There are 4 protein chains.
Amino acid sequence: MIEQGPKKSSRTVQKEARPKEIISAALNVFESNGFAGTRLDEVAKFAGISKGTIYLYFENKDELFKACVRETVGKPIAETLESATKFEGPTEKLLHELAEKIGNTFSDPGYRSIFFLIISEGKRFPNLVKFYYDEVITPSVSSLSNIIQRGVDRGDIKNSISQEDALLLLSPVIFINVWNRLFRNEKKIDLKETLHSHIDIWLNGTRPKKN
Amino acid sequence: MIEQGPKKSSRTVQKEARPKEIISAALNVFESNGFAGTRLDEVAKFAGISKGTIYLYFENKDELFKACVRETVGKPIAETLESATKFEGPTEKLLHELAEKIGNTFSDPGYRSIFFLIISEGKRFPNLVKFYYDEVITPSVSSLSNIIQRGVDRGDIKNSISQEDALLLLSPVIFINVWNRLFRNEKKIDLKETLHSHIDIWLNGTRPKKN
Amino acid sequence: MIEQGPKKSSRTVQKEARPKEIISAALNVFESNGFAGTRLDEVAKFAGISKGTIYLYFENKDELFKACVRETVGKPIAETLESATKFEGPTEKLLHELAEKIGNTFSDPGYRSIFFLIISEGKRFPNLVKFYYDEVITPSVSSLSNIIQRGVDRGDIKNSISQEDALLLLSPVIFINVWNRLFRNEKKIDLKETLHSHIDIWLNGTRPKKN
Amino acid sequence: MIEQGPKKSSRTVQKEARPKEIISAALNVFESNGFAGTRLDEVAKFAGISKGTIYLYFENKDELFKACVRETVGKPIAETLESATKFEGPTEKLLHELAEKIGNTFSDPGYRSIFFLIISEGKRFPNLVKFYYDEVITPSVSSLSNIIQRGVDRGDIKNSISQEDALLLLSPVIFINVWNRLFRNEKKIDLKETLHSHIDIWLNGTRPKKN
DNA sequence: AATGAATGAGGATTCATTCAT
DNA sequence: GATGAATGAATCCTCATTCAT
């Protein structure tokens, strides 16, 4: 016999889903218009609810914004990097697999939105920036360092790689996302493809000299 | 004898200087607060004038914003790259000199501001993005391609470099500026230093194999 | 054998008790926050029910307010005064007994609340003021006049007492209630004690001269 | 030659007068509708200005309310009482003169308004109540005590008058103001006339017995 | 009967824009 | 040209009221 949880009325289901619906709608509008430029009216219309309903779930516009970031925050990257440290095999293969996963992650518009919202509104929400740094950046950098160290240990990468150099491995991710946000219409750059290319160059440029 | 233009009273001088003063103040405030978050009151206070005066020189907030971007727009980079195509000598030296100049350019806060304003407010001002693309990006990319081609021709760089790969040469510029804007307080990255390091790796990674 | 009405289920009992519970809670909140400042949410919480339930028993906020006043309105004073006209004995004793009863009546916070609500919100609910005047003030004044007249007839009070003078007998009741509402924390005045004192002075001041 | 202050432009004059105009209008509307029931729109219309203008002079609705009370607060009574302590002559004459002055003061609707606003909104603005107590009540009570003591010293009033008894001398002022606010339409009581009558009774009731 | 999620009209507040001085 | 007081449209937020469950 199958254990069942308590039955949920359709209302309960709806109520539990609301915050996510609102966040999803808000993310969209915030991303288009920025924080100050976003009208909660529009968020409501987007979410198919009324303005007042937003306030049943979020104290005010600030809190809604923070919730958008907190809920959508880019842990996928950090997790991807973390799991990659367990990889066995040549660093080249590891990095190219990473490139695939990162490319996939950033194909999610919500995920990209957060990124730009933090750039745009960071000054207004310094706590959020700190949160993002602690939750996303720090573990990502840490994992990336491990990956590099692993590469050095294996002899795939030469010794003198600073932490900043390691970060540069991912700089095209930022660059291309910014580029596509702005100039998508003029000339779109393919993230995955370019990242693969960059990794090749980078690996080649940091390969230890064979004797 | 030297021909002189009509003498300008201090008042006239002031009048001609006003727009620039206002733009400078506005740039500052826009950069901190974004377009919608900027109050013209604050711009006026920053410029040491009254709010009404802004309207003597700019039709409205939109036009003031556009003027900020148009006047401050990052031609220095494009010009630097352009002039670099005339350089004679090894590509390595050329690129490291470029790195210095780019580093200097981005040490100007006004210049960095424009960059972030376009990222943040691009959706609201698509014409401005197009303008930026035409005025800054296109010539920069073009010059960069020339520099690369010159390197290939000289035998400093291997053949199979796509335009995207060339762009990647500058991706750390974007990456580090974004990083420092957000995480300056947590961990500041030195633009020049890291750019030099990146150039070394990149050149090394794209060096043609010697026979 | 005693006739009994139909038995009431606990549910019925509850239903019949509800309006009073709601009124009691509402009275409390109205008194603290005034009419416009009162949220029905708070009334509901205070009554331990949900907001919607209020609307099962009262058409809207206005009607709830009116019900508060109508149900709690200060008939006790009018009745006390009415019954006092039947008193036999010296006016002095009569008035001091009255003072005791009035003091007791005003020790009920609900009763005091009504008083202040009418002062505060009278302009918004003129019908309620009229109602209060007809139900409470008119009979009270009438009874008070009878008491005075009785005192005059008995020779306890001199002849030339106007209706206004009679009202003044109770002016400290209003004064002290207002005082304590505002300045309770700074200096509380004892209603009964002061009323007794006032009655002594008043009686002494209106005593007919003996020949 | 007559000394003149700096000329004021009509604009300056207007600007300096604005706060008082706004307070005057606000007092009116607050008094009618209470704090929460007052729309700033209506205050603005009443003052013949636009809604936004209020915010040039007052931070928000709360501050406007406080300013209304602070600016209009009833120092006249305290000052009248204070000056009365210097009176020479029989206490009877002194008190009747006081009654006249108090009657005149309360003929000002703005002055009465404050009184009722403090009763109605005191709970929301406890600091204002304290302010009123310190600025108006304390000096008034103090002066009144002096007047009584002076009467006792002169032999106009008997000895055993407590401070509360002294306060009762003025209780009709509160009583009649409350009455007229509520029941003006049903039956208006004349403040001066009744106060005179009350003073006679009170003095007669507290007169020392002649041997 | 009771609930409480949802609504949307209403009101406080802000700020781009105007204009008399 | 410069000012800054005044305006009122725009937007956040509240809360009385409704209604599906």
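No hydrogens, no waters, no symmetry mates; every other heavy atom, side chains included, goes into these values. In this text, all values refer to a predicted model and were calculated from it rather than measured experimentally.
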Do B/Leu27 and B/Leu117 touch side chain to side chain, with heavy atoms closer than 4.5 Å? yes
Please confirm whether any donor atom in the side chain of B/Lys51 sits under 3.5 Å from an acceptor in the base of E/dT17, or the reverse. yes
Using atom CD of A/Glu63 as one end and atom P of F/dT14 as the other, report the distance to the nearest whole Å. 12 Å
Check this for me: does any side-chain nitrogen of one of B/Glu31 and B/Arg181 sit under 4.0 Å from a carboxylate oxygen of the other? yes
Starting at the 5' end of DNA chain F, write a dot or bracket for each base, bracketing those in Watson-Crick or G-U wobble pairs whose two distances are under 3.5 Å and using | for partners on another strand. .||||||||||||||||||||
Going through the distances and angles, do C/Phe116 and C/Phe30 end up as a side-chain contact (heavy atoms from CB on, under 4.5 Å)? CA-CA 10 Å; C/Phe116 289 108; C/Phe30 278 136; over 6 Å; no
In whole Å, what is the span from the CG atom of B/Asn33 to the P atom of E/dT14? 16 Å
Of A/Leu40 and C/Asn60, the one whose closest DNA chain F nucleotide lies more 5': A/Leu40
Look at C/Tyr57 and E/dA2 and indicate whether a side-chain polar atom (N or O) is within less than 4.0 Å of OP1 or OP2. yes
Looking at the side chain of C/Ile49, which of E/dT3, F/dT18, E/dA6 is the nearest nucleotide? E/dT3
Do A/Lys61 and A/Phe35 form a cation-pi contact, if we require the NZ or CZ to be under 6.0 Å from the six-membered ring centre and within 45 degrees of the ring's axis? yes
Taking only side-chain nitrogens and oxygens of B/Ser50, does any of them come within less than 4.0 Å of OP1 or OP2 of F/dT3? yes
C/Glu42 CD - F/dA16 C1' separation (whole Å): 15 Å
What integer distance in Å separates D/Ile54:CD1 from F/dA5:P? 16 Å
Closest-nucleotide mapping onto DNA chain E: is B/Phe35 or C/Gly52 further toward the 5' terminus? I mean the 5' end. C/Gly52
Selected nucleotide, minimal atom distance to D/Thr53 side chain, candidates F/dA16, F/dT7, F/dA9: F/dT7
With a 4.5 Å limit on heavy-atom distance, are the side chains of D/Thr72 and D/Tyr111 in contact? no
Please report the distance, rounded to the nearest Å, between CD in A/Glu21 and P in E/dA5. 14 Å
N-O pairing of B/Glu42 and B/Lys45 below 4.0 Å: no
Rounded distance (Å) that lies between atom C1' of F/dC15 and atom OH of A/Tyr55: 13 Å
To the nearest Å, how far apart are A/Leu64 CG and F/dC12 P? 11 Å
For the pair made of CZ in B/Phe58 and P in E/dA16, what is the distance, rounded to whole Å? 15 Å
Closer to the 5' end of DNA chain F via nearest nucleotide, is it D/Leu56 or B/Leu56? B/Leu56
Got a second to check how far D/Thr53's OG1 is from D/Glu21's CD, nearest 0.5 Å? 10.5 Å
Taking the side chain as C-beta and beyond, is there a heavy-atom pair between A/Phe125 and A/Val69 under 4.5 Å? no
Classify the nucleic acid contact of C/Lys61 as base, sugar-phosphate or nothing, counting any heavy atom under 4.0 Å across all strands shown. sugar-phosphate
Nearest listed nucleotide, side chain of D/Arg39, among E/dA12, F/dC12, F/dA5: E/dA12
